[in-house]
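A short worksheet on the structure shown next.
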Number of protein chains: 2
Amino acid sequence: MNQNDIQNFLQGLQSQVNGDALDEVVACCSFIQLTRGAKLIETGKRHPFLYLIVQGSAKSYYLSEGKEVCTWFAFEGEVVSTMSTFAGHPSNETVELLEDAALIRIHVKDFKALSVNRASVARLITEWVVEHAIFLESLLYLQSLPVKMRYEHILEARPEILQRVSLTDLASFLGMSRESLSRIRSAL
Amino acid sequence: MNQNDIQNFLQGLQSQVNGDALDEVVACCSFIQLTRGAKLIETGKRHPFLYLIVQGSAKSYYLSEGKEVCTWFAFEGEVVSTMSTFAGHPSNETVELLEDAALIRIHVKDFKALSVNRASVARLITEWVVEHAIFLESLLYLQSLPVKMRYEHILEARPEILQRVSLTDLASFLGMSRESLSRIRSAL
DNA sequence: CGGTTCCTTTGACTTAAGTCACAAAGTCAT
DNA sequence: ATGACTTTGTGACTTAAGTCAAAGGAACCG
């Protein structure tokens with residue numbers, strides 16, 4: 001994947017960054033390929049990159065009393081980052097690839113620097129962050145439901161997750177035991 | 001509270017908005033006073049204002065199966081908004097005053113318009129949203145704990161909440177029944 | 001191909017937290 | 001104060017969901 005491919009991919013995401021600003025964004029992108037299990041972001045470390053998934057999938061999780069608590073999954077076309085990356089804090093979460101993946105990596109510092117002079121880039125950043133915050137609100141809502149309804153909700157809202165994620169990771173994401181998820185699923 | 005007072009209050013918040021940009025921000029602020037129970041934002045409505053609490057407190061909640069689920073409390077010096085306000089969507093939540101309050105109201109449209117030419121305002125917006133997103137992450141973590149630990153955590157992290165919020169609202173915020181909270185509390 | 005190992009299913013039992021019901025204590029207006 | 005209303009506390013019981021344990025399946029490797 002070269003600069004041109006990256007540019008096309010970014011354009012496909014329908015952002016409002018165009019023309020010169022887009023060229024400048026592309027200039028802080030690089031294309032990388034990593035294998036299943038690779039960690040994009042690690043708990044406790046500052047991590048200066050954002051990623052865009054071209055191909056593959058990832059999960060984010062933190063450890064609570066030794067157990068993985070999965071907070072989200074990401075697939076093709078989605079932005080992978082944690083709020084810590086934007087804030088410049090050490091990350092609370094680990095982001096790990098579920099499959100071999102092709103990614104566009106963006107250096108946050110460069111990207112933020114661009115936003116100073118390019119209002120369209122600043123807007124893009126705000127838009128991503130607002131979107132992520134709304135997503136987090138939806139997760140809180142999800143967790144407030146009884147477990148069976150959590151599954152039904154995700155079955156409805158993000159059926160693709162069920163195809164690509166292990167029962168163990170999905171159960172952790174839904175905040176229930178693997179056994180409970182297995183039972184809910186077998187009861188159709 | 002006049003323009004000058006507003007300016008001083010904003011400066012006290014230590015933002016990086018200064019000089020002319022600050023004057024422009026102040027120009028889209030107005031000062032209002034409302035009584036306990038007033039609703040700053042209502043579920044299902046678009047709401048074009050942000051609020052800064054000068055004096056008083058507020059809670060945000062949504063209804064789930066007829067019951068209030070409280071998502072946060074805000075006190076003096078805090079920004080009150082929902083992500084829907086930033087995104088321009090109808091709100092998922094209702095924000096209601098817990099006490100009579102003095103507030104600075106900011107028109108989001110004006111504020112956003114300012115951010116186009118004032119990078120410092122754009123940064124401030126992003127900063128607020130990032131902060132809110134990190135806060136939402138902490139709520140998700142809170143909800144993943146067993147109920148007793150949730151109470152202990154809040155006792156540790158935000159003891160002022162316990163003084164100013166009813167047991168009913170606190171229980172709803174902590175995702176447990178009033179009875180459970182009452183028992184946890186009486187067991188010290 | 002057979003043997004590890006990992007992932008999922010199923011069953012029996014436990015437990016954390018909720019519900020229901022009622023009592024006690026506060027708050028407020030007349 | 002007195003009574004009406006709201007908020008908080010306690011007890012008995014129920015239930016949703018977790019834990020533990022064992023057994024099938026699928027995928028992985030020499």
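Just so you know, these numbers come straight off a predicted model, no measurement behind them.
- The residues B:D169 and B:K59 are annotated as salt-bridged, a charged nitrogen and a carboxylate oxygen being separated by less than 4.0 angstrom.
- One atom, NZ of A:K148, and another, C1' of D:dT15, lie 15 Å apart when rounded to the nearest Å.
- To the nearest angstrom, C1' of C:dA17 lies 15 Å from CG of B:L145.
- Distance A:Q143 CD to C:dA17 C1': 17 Å, rounded to the nearest Å.
- Side-chain N/O atoms of B:R183 and base N/O atoms of D:dG11 include a donor-acceptor pair closer than 3.5 Å.
- Between B:R164 atom CZ and D:dT7 atom C1' the separation is 19 Å, expressed in whole Å.
- Among the heavy atoms of the strands lying under 4.0 Å from A:S177 is at least one base atom, whether or not backbone atoms are also near.
- Ring centers of B:W128 and B:F111: under 6.0 Å apart, within the cut-off.
- Map B:R185 and A:P146 each onto its nearest nucleotide of DNA chain D; the residue landing nearer the 5' end is B:R185.
- Considering only side-chain N and O atoms, A:S180 lies under 4.0 angstrom from the phosphate OP1 or OP2 of D:dG18.
- B:L181 places its CG atom 9 Å from the P atom of D:dT8, with the value rounded to the nearest Å.
- A salt bridge links B:E99 with B:R164: the closest approach of a Lys/Arg side-chain nitrogen to an acidic carboxylate oxygen falls below 4.0 angstrom.
- As judged by a 4.0 angstrom heavy-atom cut-off over every strand, A:S182 is placed among the base-contacting residues.
- In this model, the phosphate group of D:dT7 is not approached by any side-chain N or O of B:S166 to a distance below 4.0 Å at OP1 or OP2.
- In this structure, B:L167 atom CG and C:dA24 atom C1' are separated by 15 Å, rounded to whole Å.
- The separation between A:M176 atom CE and D:dG18 atom C1' is 12 Å, rounded to whole Å.
- Put simply, CZ on A:R178 is 12 Å from C1' on D:dG18, counting in whole angstrom units.
- Look at A:K67 and you'll find a side-chain N or O under 4.0 angstrom from OP1 or OP2 of D:dT19.
- Salt-bridge check for A:E152 with A:R150: failed, with every basic side-chain N at 4.0 Å or more from each acidic carboxylate O.
- The side chain of A:S186 places an N or O atom within less than 4.0 Å of a non-bridging phosphate oxygen (OP1 or OP2) of C:dT10.
- The same ILVMFWY cluster, assembled from side-chain heavy atoms under 4.5 Å apart, contains both B:V17 and A:I125.
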